[in-house]
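Report on one structure; see the data block that follows.
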Amino acid sequence: MGAALDNVERHCGSQTRAWVLLEEEAGTVTVSVRDDGPGIPAGRLTEAAREGRLGVAQSIRGRMADLGGTVEIVSAAGEGTEVELRLKVTG
């Protein structure tokens, strides 16, 4: 979640708003980080990984994979971004 919020600060303008939503349902915790920023251009995350910029690939996707969770990123140019992190919980 921290890396997703860091990306809002780093890549969006000062007028961008961000929201964090936490949900628990049927043993799964979902954290959503949404913003109303410029969005991520198509192909940019793949290009960034090729350039060695691994923030999303490692800080977000890698950490969640290590925990057994999943990440879904929905973004469109001009329409903001949503990063959804899901993790099964036991206990």
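Predicted, not measured: the structure shown is a model, and the values here were computed from it.
Note: the hydrophobic cluster containing W19 does not contain V31 (ILVMFWY, side chain heavy atoms under 4.5 Å, direct or indirect links).
Between E47 and R44 there is a salt bridge, since a side-chain N of the basic residue sits under 4.0 Å from a carboxylate O of the acidic one.
Side-chain contact between L21 and E23 is present, with at least one heavy-atom pair separated by less than 4.5 Å. Contact check for S32 versus E82: side-chain heavy atoms found under the 4.5 Å cut-off. Put simply, the side chain of T28 does not reach to within 4.5 Å of the side chain of V89, judged on heavy atoms. Side-chain contact between K88 and V29: absent, with no pair of heavy atoms (C-beta onward) separated by less than 4.5 Å. Two residues are said to be in side-chain contact when any heavy atoms from C-beta on lie closer than 4.5 Å; I60 and L85 meet this criterion. Annotation: side chain of T81 is not in contact with side chain of V74 (no heavy-atom distance under 4.5 Å).
Applying the 6.0 Å contact sphere to CD of E25 captures no more than 12 heavy atoms from other residues, nucleotides or ligands. Atom CD of E51 has more than 12 heavy atoms from other residues, nucleotides or ligands within 6.0 Å.
Minimum interatomic distance between V71 and R61 (heavy atoms only, all atoms of both residues): CG2-CA, 4.0 Å. L67 and L87 get closest at one heavy-atom pair: O-CD1, 3.2 Å. The heavy-atom pair separating C12 from P38 by the smallest distance is SG-CD, 3.7 Å. Summarising the geometry of R17 relative to D36, their closest heavy-atom pair is N-OD1, 2.7 Å, with the distance given to 0.1 Å. In plain terms, the two heavy atoms of R86 and M64 that are nearest each other are O-CE, 3.3 Å.
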So I40 and I73, side chain to side chain contact (heavy atoms under 4.5 Å, CB included) or not? Walk me through it. CA-CA 10 Å; I40 303 169; I73 299 174; 4.2 Å; yes
